There are 2 protein chains.
Amino acid sequence: MTKPFSFIDDYLAYLLARSSHLVSEQFHHQIQAQGWSTNYWRILASLSDEDGLTLTQLNQRVLFKQPTLSKLVVKMESEKLLIRQKDDADKRSVKITISPKGRTLVADLLAQAKAHEKKVLADYSEEQQQLLKGMLRRLVLHLQD
Amino acid sequence: MTKPFSFIDDYLAYLLARSSHLVSEQFHHQIQAQGWSTNYWRILASLSDEDGLTLTQLNQRVLFKQPTLSKLVVKMESEKLLIRQKDDADKRSVKITISPKGRTLVADLLAQAKAHEKKVLADYSEEQQQLLKGMLRRLVLHLQD
DNA sequence: CATTTTTATATGAAAATGAATACAACTACT
DNA sequence: AGTAGTTGTATTCATTTTCATATAAAAATG
């Protein structure tokens, strides 16, 4: 009995990239149809858990290059979605907070995201969902140092 | 007992994006250190399993936008890594084949990729690896229609 | 503490990307 | 066959992203 899968279908990096792509794709369309950029969503979602992050801290969650995030954040501030303020403790740092306008937006998007995930995982039992997420969490923890 | 995870750490799309990012990151650095673009790697890897794909077919595996792939493929042909030829059956189509030069490159990169994956999954038992990959494969199948 | 090194963010020029579209070839329908 | 719609690829142009670097502040060093 030989290996049943082609390289690509047995290559973890590809399976992750592909599933990530597919899962996000639909939802990104949904967001874009409402006139929002997916970058905005990613930034707001990352801030939704823990507000007042530094640009660097935010950058670690949001998976952008630093100059990209820097510019996006300035732009989002100009659209009143975020507030940027110098950190008093370290005057190089910029602390980023969601504005009230941003909060209402992210609340809406979070609800949509949860609903979308529910659909994506509709065929999975609660145990399977936790198993999948748990394995991914473990992988992330394992790799991020 | 309340929910132990923040939104982001319990959101499948994020877990996938993050783990995908982390897994690929190191390997991409490794490739870039050798002077190769990660886009080239993705294209060559996708072709390694099944040569002579059409641009559209290749595009489905490689997760680029069509104009991006179109340009990359022309560029790679000019560097003698690929061969583009009109499909006789359908003269709109371009069939893409790996050149001999491309073959030696991809053989090298495939070996590196497998070695890298082995390191990434070093802490996982064979069963766990198959479980993880199986779940991802299932997710991909489930979503790609 | 003065000096060097490191860290946090911003910016400008250059490259990559993508939406829209053009164009050519194929398919379906009448 | 002729026409209308569809599909496969290339191209254009505006936007986005990134590399390289600047700047300023903090930390480390002697």
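Here the structure is a predicted model, which is why all the values come from computation and not from measurement. Side chains are part of it too, since the values below use all heavy atoms of this structure and drop only hydrogens, waters and symmetry mates. Chain identifiers are assigned alphabetically (A, B, ...) following the order of the sequence lines, protein sequences preceding nucleic acid strands; residue numbering begins at 1 within each chain.
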- Nearest-Å distance, CG (Leu69(A)) to C1' (dT16(D))? 14 Å
- In whole angstrom, give the distance that lies between atom CG of Asp88(A) and atom C1' of dA26(D). 15 Å
- Output the single nucleotide from dG8(D), dC19(D), dA8(C) whose closest atom is nearest the side chain of Thr56(A). dA8(C)
- Return the minimal non-hydrogen interatomic distance between Lys114(A) and Phe7(B), and the atom names on each side. CE-CD1, 3.7 Å
- Message: Whole angstroms only, please: what is the CG-P distance between Leu63(B) and dG18(C)?
- Response: 11 Å
- Message: Expressed as a whole number of angstroms, how long is the span from Leu55(B):CG to dC23(C):P?
- Response: 20 Å
- Taking only the side-chain nitrogens and oxygens of Asn59(B), find out if one of them lies under 4.0 Å from OP1 or OP2 of dT9(D). no
- Query: Between Phe64(B) and Val73(A), which is nearer to the 5' end of DNA chain C once each is assigned its nearest nucleotide?
  - Reply: Val73(A)
- Item | Glu77(B) CD - dT9(D) C1' separation (whole Å) | 14 Å
- Message: Does dA8(C) have its OP1 or OP2 closer than 4.0 Å to a side-chain nitrogen or oxygen of Arg84(A)?
- Response: no
- Query: Under the 6.0 Å and 45° cation-pi test, does Arg18(B) pair with Tyr11(B)?
  - Reply: no
- Counting just side-chain N and O atoms, does Ser70(A) come under 4.0 Å of either OP1 or OP2 of dA10(C)? yes
- d(NE2, His28(B); P, dT18(D)) in whole Å: 13 Å
- Query: Got a second to check how far Leu82(A)'s CG is from Met76(A)'s CE, nearest 0.5 Å?
  - Reply: 4.0 Å
- Hey, does the Lys NZ or Arg CZ of Arg137(B) hover above the aromatic six-ring of Phe5(A), less than 6.0 Å from the centre and inside 45° of the axis? yes
- Between CG of Leu53(A) and P of dA8(C) the distance, given in whole Å, is 14 Å
- Task: Look at the side chain of Leu72(A) and decide which nucleotide, out of dT17(D), dT11(C), dA10(D), has an atom nearest to it.
- Result: dT17(D)
- Query: Of the candidate nucleotides dT9(C), dA10(D), dA25(D), which contains the atom at the shortest distance from the side chain of Lys91(A)?
  - Reply: dA25(D)
- Item | Check: Gln66(A) side chain, dA8(C) base, donor-acceptor under 3.5 Å | no
- Note on the structure: Regarding the side chain of Val94(A), the nearest nucleotide among dT18(D), dT17(C), dT9(C) is dT9(C)
- Note on the structure: Side-chain contact check for Lys71(A): nearest option of dT9(D), dG12(C), dT9(C) is dG12(C)
- Query: Applying the 4.5 Å side-chain criterion to the ILVMFWY set and letting contacts propagate, would Ile83(B) and Tyr40(B) be lumped into a single cluster?
  - Reply: no
- Message: Please compare Lys75(A) and Arg92(A) by the position of their nearest nucleotide in DNA chain D and report the one closer to 5'.
- Response: Lys75(A)
- Query: DNA chain D: Asp90(A) or Lys65(A), which has the more 5' nearest nucleotide?
  - Reply: Lys65(A)
- Query: Distance check: side-chain N/O of Ser93(B) vs OP1/OP2 of dG8(D), anything under 4.0 Å?
  - Reply: no
- Query: Nearest-Å distance, CG (Asp87(B)) to P (dT9(D))?
  - Reply: 9 Å
- Select base, sugar-phosphate, or nothing to describe what Asn39(A) touches, counting heavy atoms under 4.0 Å on all strands. sugar-phosphate
- Query: So, His116(A) and Gln26(A): side-chain donor and acceptor under 3.5 Å apart, yes or no?
  - Reply: yes
